[in-house]
Amino acid sequence: MKKNIFFCFVLSLVLSCGKNEKNPIQKTTKTEKKQQTVLPFTTIELKDLSAFKPTGANWKVVGDVFADRTKNKTLYTEQGTGILINTNDQEKNKNLFTSFSHGDIELEIDVMMPLKSNSGLYFQGRYEVQLFDSWGVEQPKYVDMGGIYQRWNKDAEKGKEGYEGHAPITNAAKAPGLWQHLKIIFHAPKFGADGKKTKNAWFEEVSLNGVLLHKNVELTGPTRGGNAKEVALAPLMIQGDHGAVAIKNIAYKLYENKKLGIENTTLEVYENPNRQRNFKQYDTLPKLDEIKTDSISPLARFKDNLQQMLKYSGTFNVPSSGDYLFDINVYGKGLLVVNNDTLINTSTKDYEYGKITLEKGKASYTLMYNKPFPWGRSFDVHVEGPKIQRYSILETSMNDINKNKTIKPILVTAKNKTKIQRSFVQFKDYKKTHAINVGLVEKLNYAFDLSTGSLLYVWGGDFLNTTSMWHSRGNQQIGFPNGFIVSSHGELDFYALKNLNQTWPKTLSDDIKFNQIGYKRNNKGTPEFFFNISDAEISTTFVSSTKTKRGLNRIIQVNSKQGIYHKIAEGQNIKALPNASYIINNESYYIDFSGNNTLKPIIRSINSKEELLVNIPAGKQTLQYSIIW
């Protein structure tokens, strides 16, 4: 007999804690308006091929593209602009080179791999990051998506020609035909005045779909298929002779070895015995020291039990004219003034950004750090500028301090049985306070909003990182997915639309009747959630898909006196594919709705987006579909 575990009473206690407000379950914490956190990238618009050197007819610019998950190396396209494709033409299969050359570069790019297709990004035309359909591969190798390809010695013993390949630490590849996001920071080899190499090329970071695959990987020379002669500058190459590939949203920054100079600097140290938390009248505090310095290293002076205030004032030597973006991360208070312009004053936050336009030459600055508490020390200041990669301007930064204080992550896994973990969930700009995370033994996971009966996101991997919940004070109380996520729309999943022109509500309001009943677990530990909305009784559960390598089946049961709509997905665009499946962009995942004989979704365009809805008629109804990524 199934063991039913209803958490109605416990849940009601949790939801009723705090202020006695009407509909407290609809409350969410809204993050403040986002600051500019990075300087703009240079983008390639892809209106045509003018950003690339002349090449073969296998390269084209199109308006839209999709792949059939059952057909090898095949892309279907629509006319227009914005997407670059290699058509896999075996007679005209040329590689593609950018018109610009690069040394150190940060690249962000979206790619789509059809079934069993193969390509590669060759930095400087020499060092390859592999593009490959690796969906479902359990133990990825250097040949898989995001791998750094091996070098090749043709004179070595047969079977041992390849060496120095670097496999991704995990497989973060999506299903064929889905857009995938790569972020790569590459550093070119360095050469002396005599032309001899003084430093090898290296990949500082390779991330796929938000998951770090490589960090600080050095290459002693070009990988197989790349130009054998190493140089300081050369174009980026996209491989065109192995298989079809689609590419969009190409953005990059070129970096040079430049930094702000720290000159003519004076450090003043003040005692702060009364724990003054701002910088007003700091000069009335007892001054402990005043010294000349050529570096900024506040944490090197502070022990944990000190309550002091530091003031650095001097000159920045600005290497190039342009925009500079500073950020301060502080436990306490931080202040930065440049050329008499207060860029950052962390009066209410512990993390702030500030941008300023500077001319090449000298700029005055004042940097202050207030540590009003005898516990904890944390202070770091970063800057990025024209062709300057973001770095800490401190001689001793938090990164240096934390090298010896690495926090071992606290992970929850679902190896032998389904795991359930309550936590706050950061969803887009909101902190969902009544969420639940579920991890299945098949390494398929999801987050569900109990306060609205809505799916938040799904992910594959080893379930949940609970470090921010259980380390020290656990201030954030957020559970972080241990793997790359695919987000749902996050709004109400069910609503009784009056007509198809009505806007879908984002959250609960007084005119929406919603009642969270609780959930029960079956003998495998899988939860089934129960709630009522608009007089409809609804239950939903999620199980692993048996048809795909990575997919969740969602099963929904509805008993209602009148019809109700279910919002399955929303995206920038939604395309109906054969066999009752749909591709959802911009999150880029599939919905497989096959197996529902009488119900068929509709795609509607509203408020500059598209929604996939299904109208569930009155009475007892069951529907199910798969989310594939």
Side-chain angles (χ1 to χ4, degrees), residues 35 37 259-319 323-385 388 390-402:
Q35 297 176 309
T37 58
K259 290 187 176 181
L260 287 175
I262 308 295
E263 300 177 352
N264 304 319
T265 292
T266 300
L267 167 62
E268 300 171 56
V269 184
Y270 297 88
E271 183 114 42
N272 189 7
N274 297 322
R275 300 185 183 180
Q276 177 178 319
R277 300 195 182 192
N278 54 43
F279 296 103
K280 293 180 180 179
Q281 298 180 330
Y282 70 90
D283 52 354
T284 63
L285 298 173
K287 183 184 285 190
L288 302 178
D289 201 358
E290 181 174 333
I291 60 173
K292 297 291 184 181
T293 180
D294 58 358
S295 65
I296 303 174
S297 52
L299 293 177
R301 300 188 57 86
F302 273 175
K303 295 181 179 179
D304 288 345
N305 60 351
L306 295 178
Q307 297 170 203
Q308 292 182 350
M309 197 178 298
L310 303 185
K311 177 187 176 185
Y312 288 87
S313 54
T315 302
F316 287 146
N317 190 348
V318 182
D323 289 340
Y324 287 78
L325 182 68
F326 294 83
D327 65 85
I328 289 180
N329 183 8
V330 62
Y331 185 84
K333 301 295 177 183
L335 175 74
L336 176 63
V337 179
V338 180
N339 281 348
N340 298 317
D341 186 354
T342 302
L343 295 186
I344 301 174
N345 186 351
T346 62
S347 56
T348 60
K349 299 180 182 178
D350 57 7
Y351 213 123
E352 287 276 5
Y353 292 83
K355 188 179 76 170
I356 189 171
T357 302
L358 298 175
E359 298 295 326
K360 181 179 179 179
K362 308 297 182 180
S364 63
Y365 83 92
T366 298
L367 176 65
M368 297 189 69
Y369 171 34
N370 182 7
K371 181 178 176 292
F373 312 111
W375 57 83
R377 56 175 182 154
S378 175
F379 185 67
D380 217 342
V381 184
H382 290 84
V383 64
E384 68 166 314
I388 300 175
R390 180 179 178 270
Y391 75 99
S392 174
I393 69 172
L394 306 189
E395 185 76 13
T396 305
S397 74
M398 281 304 298
N399 288 335
D400 300 323
I401 297 281
N402 287 335

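What's counted below: heavy atoms across the whole structure, side chains too, no hydrogens, waters or symmetry copies.
Residues Lys311 and Thr366 have side chains in contact (heavy-atom distance under 4.5 Å, counting atoms from C-beta outward). Inter-residue side-chain proximity for Ile262 and Ser295 is flagged as unmet; no heavy-atom pair is nearer than 4.5 Å. Contact annotation: the side chain of Thr346 never approaches that of Tyr351 to less than 4.5 Å [non-hydrogen atoms, C-beta and beyond]. Using a 4.5 Å cut-off on side-chain heavy atoms (C-beta onward), Ser392 and His382 make contact.
Within 6.0 Å of the CG atom in Asn340, the count of heavy atoms belonging to other residues, nucleotides or ligands does not exceed 12. Surrounding CZ of Arg277 are at most 12 heavy atoms belonging to other residues, nucleotides or ligands under 6.0 Å away.
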Please walk me through it: do Tyr365 and Ile296 pass side chain to side chain contact (heavy atoms under 4.5 Å, CB included)?
-> CA-CA 12 Å; Tyr365 83 92; Ile296 303 174; 3.6 Å; yes

Check against side chain to side chain contact (heavy atoms under 4.5 Å, CB included), Asp289 and Leu267 = CA-CA 8 Å; Asp289 201 358; Leu267 167 62; over 6 Å; no

Apply side chain to side chain contact (heavy atoms under 4.5 Å, CB included) to the pair Phe379 and Leu310, showing each step before the final yes or no.
-> CA-CA 11 Å; Phe379 185 67; Leu310 303 185; over 6 Å; no

Passes side chain to side chain contact (heavy atoms under 4.5 Å, CB included), Tyr369 versus Val381? Steps please.
-> CA-CA 10 Å; Tyr369 171 34; Val381 184; over 6 Å; no

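Shown here for Glu352 and Asn345, the closest heavy-atom pair between the two residues is OE2-O, 4.4 Å. In plain terms, the two heavy atoms of Val338 and Ala363 that are nearest each other are CG1-CB, 4.4 Å. Heavy-atom minimum distance, Gly332 versus Pro372: CA-CD, 4.1 Å.
The closest donor-acceptor contact from the side chain of Asn370 to the backbone of Gln276 lies under 3.5 Å. Formation of a donor-acceptor pair under 3.5 Å by the Ser297 side chain with backbone atoms of Glu395 is not found in this model. Side-chain atoms of Lys287 never come within 3.5 Å of backbone atoms of Glu268 as a donor-acceptor pair (strictly under, hydrogens ignored). Side chain of Glu263 to main chain of Thr315: no donor-acceptor pair is present (N/O by atom type, distance under 3.5 Å, no hydrogens or angles). Using a distance-only test at 3.5 Å, with no hydrogens or angles considered, a donor-acceptor pair links the side chain of Asn339 to the main chain of Ser364.
Among the candidates Thr265, Thr266, Asn264, the single residue satisfying the side chain to side chain donor-acceptor pair (under 3.5 Å) test with Lys292 is Thr266. Here the options are Thr357, Leu343, Leu260, the test is side chain to side chain contact (heavy atoms under 4.5 Å, CB included), and the partner is Tyr324; only Leu260 passes.
We find the CG-CZ distance between Asn305 and Phe373 to be 15.0 Å, quoted to the nearest 0.5 Å. One finds the OH atom of Tyr312 at 8.0 Å from the CG atom of Leu394 (value rounded to the nearest 0.5 Å). Taking CD1 of Ile344 as the start and OG1 of Thr342 as the end, the distance is 10.5 Å to the nearest 0.5 Å. Between the CG atom of Leu358 and the NZ atom of Lys360 there is a distance of 13.5 Å, given to the nearest 0.5 Å. Rounded to the nearest 0.5 Å, atoms NZ (Lys355) and CZ (Phe326) are 13.0 Å apart. Taking CD1 of Ile328 as the reference point, atom NZ of Lys333 lies at 12.0 Å (rounded to 0.5 Å).
Taking the six-membered ring for Trp and thresholds of 30 and 60 degrees, Tyr282 and Tyr270 have ring planes more than 60 degrees apart, a perpendicular arrangement.
Lys259 and Tyr391 share no donor-acceptor pair across their side chains, judged by distance under 3.5 Å alone.
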